[in-house]
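In what follows, chains carry the letters A, B, and so on, assigned in the order in which the sequence lines appear, proteins first and then strands, with residues in each chain numbered from 1. All heavy atoms count here, side chains included; hydrogens, waters and symmetry mates do not. As the structure is a computational prediction, the values presented were derived from the model and not from experiment.
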Amino acid sequence: MKIFERHDNIVLCRQFVVVLVDLAKQSGVHPDKILKGTRCFHQDLDIPNKRISTTELLTIIDNAIRLTKRGDLSFILGRKFFPGQLGSLSQAFLNCKNIAQMLKLCQLFQFKICPFLYINVVKTQGKTHLLFNSAIGEVSNIQQRFLYEFILSAMVGAIKYRLGEIIPIAIKLPYKEVDYIEQYHVNLGNKVSFDQQLAMVSFDDVWLFHEIENCSQSLKNMSLLDARLIRKEQQHPIGFVQAVSQFIESRVTYQDVSLEHCAQYLSISTSTLKRKLAQHQTSYQILLDRIRCQHAIFAMVENQQNNEHIANSLQFNDVTNFRRAFKRWTGMTPTVFKEQATQH
Amino acid sequence: MNLSFLKFHRHLFLILLLVITSIVAITTHLGTLKEASELDWFDAVGEAGITLVTLVWIFFILISRPSGKVTNLLFVGLTLTHVSMLLDFIDEFYFYTSDSAWLGTIESLPAPVGMIIMSVALYWWHQEQMSINAQLRNTERYYRDHSLTDFVTGLYSAKYMKNQLQREIINAGIHQQSFVMMLIDIRKFDSFNRKYGDQQGDTLLRETAQLILMNLRDEDLACRYASDRFIILMPNTSVQTAQTVATHIEQAIANLAFKIGNSAAAQYQHVTSCVMECNGEDEYLNVLDKLNDRMLATKHDINNQASPNQLIHSKDVA
């Protein structure tokens, strides 16, 4: 497994930066100002495969939002993303016969599509849920909003492009309601619940296999073959925090999720693991807490499991301990939380 | 700061420079420098400040306005005032012998003349503003805040509408009246953008905005909501009336022969509209939520109503 860190140059400028710089130019902000604080210069944007680090991308996002004072940058970036910014993958995407296939592609080629966020697909009775988490550690509130707005509008844009209309999806986001709600209305078109503990998109399975006309399976296979070859050559890495998070996620119920085990799994020392997580503005405990919290909430709301069961599966000694931990994570006891969730 | 107007005013800057240099030249030539002990520094600093501020005013007038009668008059008035201030300031450092004492006497003359000229200029400016306000019909109500303008369409942004909506909700509650909110959404705007580029997309938005304005009544307010969606507030209006206006707008835009660049081929666009009556009971965010839900439902219905042929066609376009 290859892993990239925050300072590794992995973000394709062509894919993300060029559009932001162009949009800022429209608002009268000079490209140099948008690129300030990075090692990327205006003329570098002409280099076809110029890559920058995720830290630099976050700086550029901050600059763009601060200088243009626009709330729609992330949404425009997202709406333009599909299929134009996907390079060799666009052919494969344009020939998927349903959303399930597109989703599969997203997971296989996450690095090419969105290296900074990763998706977990979880199934419940008749429903599909996509859980989003940061692959690059903690980010500021503004950056977090930007990344989620981007990925959501890219997703909605892709569905609209292929199906001809927006499908009903439920969106939960972990931050407070924004004061530019109109952008959510127009670009996402669906009800968004803010201030949730997780970032999640849910929809009925009917849509997952809803047939998309006008696609060729053989064209898709051909371009997939190409993409896979390139993928092998380039060895698509995943974010360091994503690797740690996925380690925890796969073992969070009934298995050993200790820091030591994780370090051993990644073949690094525990101190290196701690240091690298600190470089990503996070810690093992933060990640562990978040994943447990997400698991608990999901099990509670979507799977209707009781507290005893959840506490047991998450390896708490007893329900009281679980209740206490849950209150620390969410500010609410499990009972209050469940009441609120059913009201929504 | 946008300095694009400066190039129209080169001659005015030249005049200003000439006036200032000739005044400094004449006074320093005719006067004699005062001893340091004679100087009243407090006075000098104060007068220097006023002199500088009048210069700053001239600068802002010139970068804010195109050439013309009102601009010239404002410039003359302010320059005369500036001359008085400058003479007064130099006065602090020089004293004049009896044969050039006239300099001291006339120093307060330019200012009043300048101020009278400025008053006339301001009156004309008022008239000019009135005619601009008439052009702003349907784009603003009671309140002006240029920072809320959407730079693509020239309409106010959603933020301005939210303020007006809150105000209207209170108003409707007090007077037991109802008002109507309307949304206008351009169909297939994304595919238009993909096909012809963002710049053409912006032009389309601008022209659509103009057409919407043309079809509104005097009391209505139109703003850009987000992306390709416009929002309209119609005070004291019934749903029927609003629906009629919405139909007018739909027809007007359907008949707009939009041209891409220099091409003579017409691109016809269609919009979806929906209206909703409000009576001041809902909170403004709820109103916006419901209104946008209604738009989603309307679009869904339209997609489902379309005949199979049209569907295939629309997919080809998308």
For the pair [X] and [Y], find out whether any cationic side-chain nitrogen is under 4.0 Å from an anionic carboxylate oxygen.
{"X": "Lys80(A)", "Y": "Asp190(B)", "answer": "no"}
{"X": "Asp289(B)", "Y": "Lys191(A)", "answer": "yes"}
{"X": "Lys162(B)", "Y": "Glu182(A)", "answer": "yes"}

Where on [X] is there a heavy atom nearer than 4.5 Å to chain B: the side chain, the backbone, both, or neither?
{"X": "Asp179(A)", "result": "backbone"}
{"X": "Glu177(A)", "result": "side chain"}
{"X": "Ile181(A)", "result": "both"}

Would you call Asp202(B) and Gln26(A) a side-chain contact if the rule is heavy atoms closer than 4.5 Å? yes
Pairwise distance [atom1]([X]) to [atom2]([Y]) - rounded to 0.5 angstrom:
{"X": "Ser157(B)", "Y": "Arg70(A)", "atom1": "OG", "atom2": "CZ", "value": "12.0 Å"}
{"X": "Lys159(B)", "Y": "Tyr180(A)", "atom1": "NZ", "atom2": "OH", "value": "12.0 Å"}
{"X": "Ile167(A)", "Y": "His300(B)", "atom1": "CD1", "atom2": "NE2", "value": "11.5 Å"}
{"X": "Ile76(A)", "Y": "Asp198(B)", "atom1": "CD1", "atom2": "CG", "value": "7.5 Å"}

Heavy atoms only: give me the nearest Val186(A)-Ser227(B) pair and the separation to one decimal.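 Where Val186(A) meets Ser227(B) most closely, the heavy atoms are CG1-CB, 3.9 Å.
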With a 4.5 angstrom heavy-atom cut-off, which part of [X] approaches chain A: side chain, backbone, both or neither?
{"X": "Leu296(B)", "value": "side chain"}
{"X": "Ile231(B)", "value": "neither"}
{"X": "Phe151(B)", "value": "side chain"}

Heavy-atom count around [X] [atom1] within 6.0 Å, excluding the residue itself: above 12?
{"X": "Lys97(A)", "atom1": "NZ", "value": "no"}
{"X": "Lys290(B)", "atom1": "NZ", "value": "no"}
{"X": "Gln166(B)", "atom1": "CD", "value": "yes"}
{"X": "Trp207(A)", "atom1": "CH2", "value": "yes"}
{"X": "Ile47(A)", "atom1": "CD1", "value": "yes"}

Heavy atoms only, distances under 4.5 angstrom: which of Asp185(B), Leu288(B), Leu291(B) has the most pairs with chain A? Name it, please.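 When all of Asp185(B), Leu288(B), Leu291(B) are compared, Leu288(B) has the most.
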